[in-house]
Amino acid sequence: MTFNCLLYPFSVLLISYSVLAQCLKPHEEIQRSAFPNDFFFGAATSSYQVEGAYLQDGKGLSNWDVFTKIPGKIEDNANGDVADDHYNLYLEDIELMHSLGIRGYRFSISWSRILPDGMLGTPNPSGITFYNKLINHLVSKGIEPFVTIHHTDLPYMLEARDGGWLSPLLREEFAHFATICFKNFGDRVRYWVTINEPNLIADLAYIRGIFPPARCSPPFGNCSTGNSDVEPLIAMHNMLIAHGMAVDIYRSLFWPKQQGFIGIVSSAFMYEPLRDEERDRLAADRALAFNVAWMLDPLIYGDYPAEMRQCHGLALPKFSANEKRLLRGSIDFIGVNHYSTLYVKDCINSTCPSGGDRPIRGFLNTTSYRDGVPIGEPTGTSYLFVVPRGMEEIIDYLKRRYHNVPMFVTENGYTLPAQQNELQDMGRINFHKAYLVSLARAIRKGANVRGYFIWSLMDNFEWLSGYTSRFGLYYVDRQTLERTPKLSAKWFASFLKNNTHNEKEESSAAASSVQG
Ligand code: NOJ
C-alpha cells in the first residue's frame, strides 16, 4: 500500500463491504482433525504473571516488582509477589498441562531471576536451576517448551540505571541475557521467542505511560516525564536491534548444534473501517502498518513501513546498513497474539480527539463501537469483543504481507463478563471454538500456521487489572492458590483427544453466547 500523509486521496471507491459483513455461523463446531496432525496446541503464561517467589533464591527486583508497589497503579493494589506461585508449584502445573493433553507450554524466563542486576551483576545459579527443572520436567512429559526470553518484566536496575528500552544499552543487556538462555537451555528448547509484543510495550509504556517506566506526554497521558510522540519509536528501535543481535548470536553460535527456531511475538489486533468510506478503509490499512508492520517489516524487509517513514519523517530512527542486514530475515516464525478487532476512523480528514491527529497513532482513532453497537459480543475485558472473523483476517494479512512465513498463534484468550460463574465458562468454550473455526479456514486457504496457544493455562496476574481479570483454563483460588479445571479445560482436553465429549450439552447451554 502506498500512502501519502499530505496528499490524502479523497476519491471514494466502490469497494464491496461484503467482506466485512461476513460472519461466522454461530456455534460452528470444530474438531481437532481440522488441523494438521503435527499442529502445536498449547497453553501460555509469562514469568511475572504466574511465578511469584519474587525474592526467592536470589532473584532480583524487576520493573514490575517495583511498579506494582506504587499505590493506585494496579486494581486492588495487587502485585505478583505470590501470583500463582508457579515457581514452587510447577510440578503440579505440569500435571495440569499433561491432563489437558497439550503439546506445548509457552512460558517466559524472568530476566531478574537469571541476572538480578542485568549483565553487570552476577548470574544467579538458582534461576538457571529452576528453568532447567521446569524444562526437564516438561520434556519428560512430552510437552515442548516454547520459551519467551523477555515478556514485559526486566531487572529493575535496567530501568532505573539505564532508562529501560529507551537506552541503546539494553541491546547488549538483552543479547547477554539471551546468550545465557541459549547456552543453558538451548539443548532442550527448540522454539524461542525473543520479545513478547514490542508494539504493545511501546504503546503502554511510552505512549500511554500506564506500564513501567510510565513515560508519556499530553494528550496521551499525564506522566511526570516522557514524550509520547518520539520515545515509543526509540524504544521499538532498541527492541528490534536487541532482537536482531540475539538472533544473530543464536544462529551463529548455537543453531549449528541446537537447530531450533527463533521468532518474535506481535500484538495483533485486526482493524476494520468504521464507516463504509475509502478514507476509513485506508485508515484501517494504516492501523495495521503502524501497529503490526511497525515491528515486523524491519524483521522481514530490513526497514520500517514506507507509510510510517512518510508520516514521521526524521523522528523515525534509521537503521544503519549493518543493522538492516542484522534484521532482514531475522525471524523463523511470527508469533501472533490475537484477541479482538477494532473499528478505525480516519483522522486526516475528520477531527479526532485524544491523539488521533498525531503521526504516532497513524492519524487514526480506534473504537469498539459503531453507532453505539459493539463490534462483537462483550467479554469481561472492556476493550476486547468477540469477533472471530478477525482471526482469519489477521492471518490473511500476515500471510500476504510476509510471504506466508510460518506463524504460531501464540495467544488467544477470553475473560467472562462480570457476574458469570467462572467454572461454568461456556463463553470461553464458544470463544475458542469460533476463533478456531476462523483459524482453520485461514489454514485451509493456505496460511502457514503451525500452532495455537490458549492464553492462559491458569488465572494469573493480569497487569493493570491485577487478579480481577481471569483468562485461565484453570481457576486459581486467590486464598489457597488451588487450581480447579473450568469447563473450558475439560472441553480443551476432549477437543485435543478429538472426541465430542459433552459437546451437545455445552452447545445448548451456550446458546446465544458467541456470535460471529
Ligand atoms: C498479551 C500479553 O502477552 C499477556 O501478558 C496478557 O496477559 C494477555 N495479552 C491478556 O491481556
Side-chain angles (χ1 to χ4, degrees), residues 42-52 62-65 67-68 74-75 78-80 83-84 86 104-111 146-154 165 191-205 208 210-212 239 243 263-270 291-292 295 334-342 368 378-387 390-391 394 408-417 425 427-428 431-432 435 451-474 476 488:
T45 65
S46 88
S47 51
Y48 187 75
Q49 296 180 270
V50 297
E51 279 182 11
S62 76
N63 54 343
W64 275 85
D65 289 324
F67 183 72
T68 51
I74 311 292
E75 192 100 13
N79 59 55
D84 291 340
H86 180 62
Y105 174 46
R106 177 174 176 238
F107 64 94
S108 76
I109 299 192
S110 159
W111 194 338
F146 202 99
V147 180
T148 305
I149 299 171
H150 171 53
H151 191 128
T152 316
D153 55 333
L154 46 80
W165 285 110
Y191 294 91
W192 292 102
V193 166
T194 52
I195 305 181
N196 183 67
E197 299 188 332
N199 48 350
L200 200 71
I201 293 304
D203 182 359
L204 301 178
R208 288 188 254 175
I210 51 178
F211 270 30
M239 286 189 264
H243 157 91
I264 197 163
V265 164
S266 173
S267 162
F269 276 84
M270 186 57 204
N291 285 287
V292 177
M295 61 165 284
I334 299 173
V336 184
N337 285 359
H338 178 72
Y339 289 79
S340 192
T341 298
L342 293 162
S368 303
T379 69
T381 306
S382 61
Y383 55 89
L384 299 179
F385 292 80
V386 182
V387 190
M391 176 65 88
I394 190 70
F408 288 86
V409 175
T410 36
E411 288 181 30
N412 178 230
Y414 175 89
T415 54
L416 283 180
D425 56 342
R428 178 170 289 105
F431 173 91
H432 285 293
Y435 274 69
Y452 174 90
F453 290 79
I454 288 183
W455 185 271
S456 172
L457 173 68
M458 55 193 165
D459 297 338
N460 57 49
F461 178 83
E462 176 53 29
W463 308 118
L464 301 185
S465 313
Y467 297 100
T468 62
S469 207
R470 292 176 174 272
F471 277 94
L473 292 169
Y474 283 85
V476 178
S488 57

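Since this is a predicted model, take the numbers as computed values, not measurements. We count ligands from 1, going down the list as the structure has it; atoms in each ligand are counted the same way.
Residue contacts with ligand 1, taken as heavy atom pairs separated by less than 4.0 Å, involve N337 solely via side-chain atoms from C-beta onward. Here L200 has no heavy atoms under 4.0 Å from ligand 1, in either its backbone or its side chain.
A donor and an acceptor atom, one from each side chain of D153 and S47, are located under 3.5 Å apart. If you check the side chains of T415 and T381, you find a donor sitting under 3.5 Å from an acceptor. For the residue pair N337 and T410, a side-chain donor N or O sits within less than 3.5 Å of a side-chain acceptor on the partner.
Between H151 and ligand 1, a contact under 3.5 Å exists for at least one N or O pair.
Atom 8 (C) of ligand 1 has its nearest heavy-atom neighbour, among Y414, F471, Y339, Y383, in Y339.
The shortest contact between atom 9 (N) of ligand 1 and any protein heavy atom is with E411 OE1, 3.1 Å. Scanning all protein heavy atoms for the shortest distance to atom 7 (O) of ligand 1 gives E462 OE1, 2.6 Å.
The main-chain N or O of D425 is never found under 3.5 Å from a side-chain atom of S488 such that the two would form a donor-acceptor pair. At distances below 3.5 Å, not a single donor-acceptor pair connects side-chain atoms of D203 with backbone N or O atoms of L200.
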